[in-house]
Amino acid sequence: MSLRGSRRRLLRIGASAIGVFFVLFLFTAYQLPLAHQRQQPLLEPQSEFQSSSEPQQPATDKQPGAEIENAPVSALDLPPEYTEVKEPPPACADRFGTSYITKLRDSATEYCTLESSGGLTCFHSKTSSSRVDSFCFARGALFNQDERVFSLGCGLRDLDGLGVPKYKEFTNYWYDTGPGHTLDKAVRLEDNTSSIIVPESIPSYTLLLKREGANNIWHSLMEIFSMTLTLDVLRMTQHPDEPLPFFTNYDIENTQVLVLDDLEEGPYFDLWSLFADKPTLRINDPALPFLNTSFENLIVPLNGGGNPLWQGDWEIHTCDDSPLLRTFSHRVLNHFDFVPDTPREQPPEIILTFINRTSTRHLINVEEYLEHLQSEVPHIKIQSIDFAAISFVEQLAVAQETDVLVGVHGAGLTHGMFLPHHSAMVEILPPDLNHKGFRNVAALLDHSYFSAHASKAGTEDKPEKRGDWHEDDVFIEKDKFMDIMNVAIKSMYNRGSRNYDV
Ligand SMILES: *[C@@H]1O[C@H](CO)[C@@H](O)[C@H](O)[C@H]1NC(C)=O
Ligand SMILES: *[C@@H]1O[C@H](CO)[C@@H](O)[C@H](O)[C@H]1NC(C)=O
Ligand SMILES: *[C@@H]1O[C@H](CO)[C@@H](O)[C@H](O)[C@H]1NC(C)=O
């Protein structure tokens, strides 16, 4: 069939002949020429990150001294003052930069004994002090059609002293998600050390998907972001028995998503197939088509709650760049045929988009405030949009033409991820709520960010309903509203081709 499949097969035959042990060693020897051969057709994640316009070099584990010794004598480096200022703080690169995925790659740990018919490689990261985040890749799994479960021939190795979580001890996350729950639900380890699995000539890949929910944009995008990071790491990690990474772009056509939860699809479902060309299946579908019993490769992705973007939401971090987040944002936009970060034709008016929350946390009097704003502040066009009432693609189209995104604290502000470069975000926070999540996102994407807290008391006609910020309507004085809007709007007066006096 495809070139890709036959190439993998040839490599696989070669690899199994040599034997697992030797390959591990030989591999370093012929990794270079092979990697070189592949360079043209493959779009490795690293090149994607490099192509994004970020001047900073991600931190590497190389000793600075080693590079200087190997540098050709004729090479003229930047004066050292330049390289010194550009170095991002390691704590930022490890969470938001490419060193997050290179460190994950380097954490690859095999969980099954060498004699096992299958394999399970897990990857771990510790960006939060309170937990270890993991994802796994299983090889040689067999699908049991009747029980709807995969069996994996894997005798567990002794991992003592390696400092990694044991099988069954992976971090669990809310809504019964995470690699532990996913493996529990869909994979059964069998200690088959003698049986031999003859791999399919064209390997298939199945992404096991157990979601937190289907409709909250922040939750869903964090999960999907985590899935893309998982695939990035797999595309960078050496397969133990084959001279290829665990996953390449050629494997996308042989990849399917298998949904383990019973949730509805929701608006973001399509994005789960960013790396899977085969139709998405549901394990509980009574009409689940007869699956070939050998699925071979299972991808158990990093959890949404384990995403490095989603931690420390209540604290300010001072990181101001994220190649990971920018790449994710571009992937989503590209998927829906937007061309992000191209110089756009700016209309003369600054476009202000107010996120109209219609269920909870309604901003009291906002209709009047927006009218007033439109009449008071020149060079603006205001639109009020109920994001919940339009499709995700339409939401993205709105975000892509927005200069100033305004909303009461809530998931709608996730659209800050999809604003054009150098936009502005305004967050009106319920009284006493000091959430910093959207501020942090804005900082990582170089947007200006402005916040104001609403007043404590409800108004007379709309008293506080329950004293719960999730539910209560939000009131802010008109003057305060006008002040923050003025600052945000005028921060855009000389951005791009706009040229207005304040
Ligand atoms: C393990 O062995 C049992 C019994 O021989 C067999 O039914 C099962 O399919 C094997 N599982 C794997 C993953 O090889
Ligand atoms: C099962 O394998 C056959 C031959 O490799 C292939 O034609 C068929 O599409 C596969 N079925 C599924 C559901 O993947
Ligand atoms: C928000 O949406 C509701 C329901 O569609 C509408 O009644 C209200 O006028 C809208 N508010 C704004 C500020 O657009």
Side-chain angles (χ1 to χ4, degrees), residues 214-218 220 266-268 347 349-420 423-431 433 435 438 442 447-466 468-492:
N215 289 303
N216 180 294
I217 181 174
W218 175 262
S220 293
Y268 317 102
E349 299 87 17
I350 288 158
I351 311 283
L352 185 149
T353 302
F354 177 76
I355 302 170
N356 184 8
R357 292 180 65 94
T358 52
S359 50
T360 56
R361 270 170 278 153
H362 174 72
L363 189 62
I364 294 166
N365 297 337
V366 69
E367 288 79 5
E368 180 206 327
Y369 288 8
L370 292 179
E371 255 172 52
H372 188 61
L373 189 67
Q374 180 73 71
S375 65
E376 290 288 302
V377 183
H379 314 301
I380 55 170
K381 188 181 149 206
I382 297 178
Q383 52 183 1
S384 171
I385 309 252
D386 176 3
F387 277 82
I390 59 176
S391 73
F392 185 49
V393 189
E394 289 167 317
Q395 295 172 25
L396 291 175
V398 170
Q400 279 278 286
E401 61 168 31
T402 293
D403 295 295
V404 183
L405 181 69
V406 183
V408 175
H409 168 81
L413 286 166
T414 307
H415 277 290
M417 284 184 197
F418 306 114
L419 297 175
S423 300
M425 286 167 70
V426 176
E427 179 172 17
I428 297 167
L429 289 151
L433 187 77
H435 186 268
F438 297 114
H447 300 317
S448 308
Y449 171 88
F450 306 91
S451 67
H453 280 89
S455 302
K456 259 199 174 97
T459 56
E460 272 183 25
D461 53 326
K462 291 236 177 175
E464 288 190 54
K465 272 183 267 177
R466 317 190 331 184
D468 172 359
W469 69 262
H470 284 104
E471 300 287 330
D472 289 345
D473 285 351
V474 168
F475 175 78
I476 188 168
E477 288 82 4
K478 193 168 179 178
D479 287 353
K480 202 166 166 186
F481 182 83
M482 290 300 286
D483 279 351
I484 188 175
M485 292 311 210
N486 254 295
V487 178
I489 292 164
K490 289 179 179 168
S491 76
M492 303 302 295

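Just follow the structure's listing: the first ligand is 1, and inside any ligand the first atom is 1.
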Side chain to side chain donor-acceptor pair (under 3.5 Å) pairs, two or more places apart, involving residues 378-402: Thr353-Gln383, Thr353-Thr402, Gln383-Glu401, Ser391-Glu394, Gln395-His415

Aromatic centroids of Tyr449 and Phe438 separated by under 6.0 Å: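 No - the distance between ring centres of Phe438 and Tyr449 does not fall below the 6.0 Å cut-off.
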
Main-chain N/O of His453 paired with Lys480 side-chain donor or acceptor, under 3.5 Å: yes

Side chain His447, main chain Ser423, donor-acceptor under 3.5 Å: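 Present.
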
Expected rows: ligand 3 N/O, protein N/O, dist below 3.5 Å:
from     : atom 1 : to     : atom 2 : distance (Å)
ligand 3 : 2 (O)  : Asn356 : ND2    : 2.3
ligand 3 : 9 (O)  : Glu367 : OE2    : 3.4
ligand 3 : 11 (N) : Asn356 : ND2    : 2.9
ligand 3 : 11 (N) : Glu367 : OE2    : 2.9
ligand 3 : 14 (O) : Asn356 : ND2    : 3.3
ligand 3 : 14 (O) : Ser384 : OG     : 2.6

Parallel, tilted or perpendicular: ring planes of Phe481 versus Tyr369, cut at 30 and 60 degrees: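 Ring orientation of Phe481 relative to Tyr369: tilted.
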
Whether over 12 other heavy atoms sit under 6.0 Å from Glu349 CD: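 It does: Glu349 CD has more than 12 such atoms within range.
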
